[in-house]
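Working notes, structure below.
Any value given below was found using the heavy atoms of this structure, including those in side chains, with hydrogens, waters and symmetry copies removed. Keep in mind it's a predicted model, so treat the numbers as computed, not measured.
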Amino acid sequence: MRPQPSIRPYRPADRAAVADICVRTALDGGDSRERYPDEELMPSLFAAPYCHLEPELAFVLDDGSGRAVGYVLGTADTERFVEHFRTAWIPRVAGRYPEPTAEPRTPSEEMIVLLYTPERMVLPDLAAYPAHLHIDLLPDWQRRGYGRGLMRTFLAALHDRGVPAVHLGMVTANAAARAFYDRLGFHEIPVPDPGPLTYLGRPTAAGTP
């Protein structure tokens, strides 16, 4: 019998695969390597810190051979995560990405500015949704129900920890992602001056809109 895909907890051996998934989906859902040639940059913002700081809330879609082909990861408490991001994560990557001393001139430099401003994640309008998440799957594994399974696993883990609601920020132009989140019961959260992002949220309890 062929090995069957399954959702399982993240483990350290998944680090490279998770980074690869992030890179291949970080540009509005597509491959980001042309815009951000350093393949460690996007994972250093949007994947690796979660796996390092809250590995118990990181789950992967295993293709059946042990290789991760999708993931969902996040934090139960955004404010606490931001504090740890600054004190424990930035020092780990500062050697590769020094703190900017001038205005950014390239897309990569803009991302490094974001790396050093984790407080941007804490918005008063999101206070009722203390958790947040990132979910990504390689293209061949999308639209097959695995994203829904990953999300269900993550929401259950949050609910078991007593977290009432979760939010995410998505690029507004990514219509396919918005349709996916709408199907899963997420609703828009009005945020003043959101820039290119739309913020969505939902309760963690199963079956609640």
**Item:** Min side-chain heavy-atom separation P5-W141 under 4.5 Å
**Value:** yes
**Request:** Quick one: pull up CD in E119 and CD in E83 and give me the separation to the nearest 0.5 Å.
**Result:** 9.0 Å
**Within-4.5 Å side-chain heavy-atom neighbours: D125 and P192** = yes
**Message:** Could you report the tightest heavy-atom contact between V163 and A131, atom names first, then the distance?
**Reply:** CG1-CB, 3.8 Å
**Message:** Could you measure the distance from the OG1 atom of T204 to the CG atom of D160? Nearest 0.5 Å is fine.
**Reply:** 9.0 Å
**Request:** Compare every heavy atom of T172 with every heavy atom of L197, then report the nearest pair and how far apart it is.
**Result:** C-OG1, 3.2 Å
**hydrophobic_cluster_shared for M42 and L138, side chain cutoff 4.5 Å** = yes
**Request:** Nearest 0.5 Å please: distance from the CG atom of L114 over to the CZ atom of R120.
**Result:** 4.5 Å
**Message:** As a quick check of understanding, evaluate side chain to side chain contact (heavy atoms under 4.5 Å, CB included) for L126 and V191, giving each step before the final call.
**Reply:** CA-CA 8 Å; L126 304 175; V191 171; 4.2 Å; yes
**Asked** At what distance, to the nearest 0.5 angstrom, does OG1 of T117 lie from CD1 of I90?
**Response** 8.0 Å
**Item:** Hphob cluster co-occupancy, V171 + L168, side-chain heavy atoms under 4.5 angstrom
**Value:** no
**Prompt:** Is it true that V113 and Y116 fall in one hydrophobic cluster, defined by side-chain heavy atoms closer than 4.5 Å?
**Reply:** no
**Request:** Flag the pair T25 / L137 as yes when at least one side-chain heavy-atom distance between them is below 4.5 Å, and no otherwise.
**Result:** no
**Request:** Drop me the distance from Y146's OH to D62's CG, to the nearest 0.5 angstrom.
**Result:** 11.0 Å
**Check: Y199 and H132 side chains under 4.5 Å, non-hydrogen atoms** = no
**Request:** Answer yes if M151 and L73 sit in the same cluster of Ile, Leu, Val, Met, Phe, Trp and Tyr residues linked by side chain heavy atoms under 4.5 Å apart, and no otherwise.
**Result:** yes
**Request:** Mind listing the closest non-hydrogen atom pair of L61 and I7 along with its distance?
**Result:** CD1-CG1, 4.2 Å
**Complete:** Tightest non-hydrogen contact, residues L57 and A76, listed as CD1-N, 3.5 Å
**Request:** Considering non-hydrogen atoms only, spot the tightest contact between E103 and E109 and give its length.
**Result:** O-OE1, 4.2 Å
**Request:** Please report the C-alpha distance between R15 and E40 in whole Å, then the side-chain angles of each, then the deciding distance to 0.1 Å, and finally whether the salt bridge (Lys or Arg N to Asp or Glu O under 4.0 Å) criterion is met.
**Result:** CA-CA 11 Å; R15 181 190 181 282; E40 287 292 323; 3.1 Å; yes
**Prompt:** Under a 4.5 Å cut-off applied to non-hydrogen side-chain atoms, are I112 and L41 in contact?
**Reply:** yes
**Request:** Give, for atom CD of E188 and atom NE2 of H167, the distance between the pair rounded to the nearest 0.5 Å.
**Result:** 13.5 Å
**Request:** Output, in order, the C-alpha distance, side-chain angles, deciding distance and verdict of side chain to side chain contact (heavy atoms under 4.5 Å, CB included) for E54 and H84.
**Result:** CA-CA 10 Å; E54 293 190 52; H84 293 169; over 6 Å; no
**Request:** Describe, in one word, how the ring planes of F85 and W89 are oriented to each other, choosing from parallel (under 30°), tilted (30 to 60°) and perpendicular (over 60°).
**Result:** tilted
**Request:** Using a cut-off of 6.0 Å, state whether more than 12 heavy atoms not belonging to R178 lie near its atom CZ.
**Result:** yes
**Request:** Kindly assign one of parallel, tilted or perpendicular to the pair F186 and Y181, based on the angle between their ring planes and the thresholds 30° and 60°.
**Result:** perpendicular
**Non-hydrogen side-chain atoms of L27 and E34 separated by less than 4.5 Å** = no
**Message:** Ring centres under 6.0 Å, that's the criterion: do Y50 and F81 meet it?
**Reply:** yes
**Request:** Indicate whether any N or O donor in one side chain lies under 3.5 Å from an N or O acceptor in the other, for Y71 and D14.
**Result:** no
**Contact check, side chains of L155 and R202, non-hydrogen atoms, under 4.5 Å** = yes
**Item:** Beyond-backbone contact of V23 with P43, side-chain heavy atoms, under 4.5 angstrom
**Value:** yes
**Request:** Step through it carefully: locate the ring centre of H187, locate the ring centre of Y129, and say whether they are under 6.0 Å apart.
**Result:** yes
**Request:** Please assess V166 against F154 for the test side chain to side chain contact (heavy atoms under 4.5 Å, CB included), listing each intermediate value before the final yes or no.
**Result:** CA-CA 10 Å; V166 62; F154 186 80; 4.3 Å; yes
**Message:** With a 4.5 Å cut-off on side-chain heavy-atom distances among I, L, V, M, F, W and Y, is there a chain of contacts connecting I189 to I135?
**Reply:** no
**Prompt:** Does T78 use its side chain to pair, donor to acceptor, with the backbone of P130 at less than 3.5 Å?
**Reply:** yes
**Item:** Least distance between heavy atoms, A88 atom then R92 atom
**Value:** O-CG, 3.3 Å
**Item:** Any donor-acceptor N/O pair, R86 side chain to V82 backbone, under 3.5 Å
**Value:** no
**Message:** side chain to side chain contact (heavy atoms under 4.5 Å, CB included) for Q142 and F180? Distances and angles first, verdict last.
**Reply:** CA-CA 10 Å; Q142 297 174 12; F180 168 72; over 6 Å; no
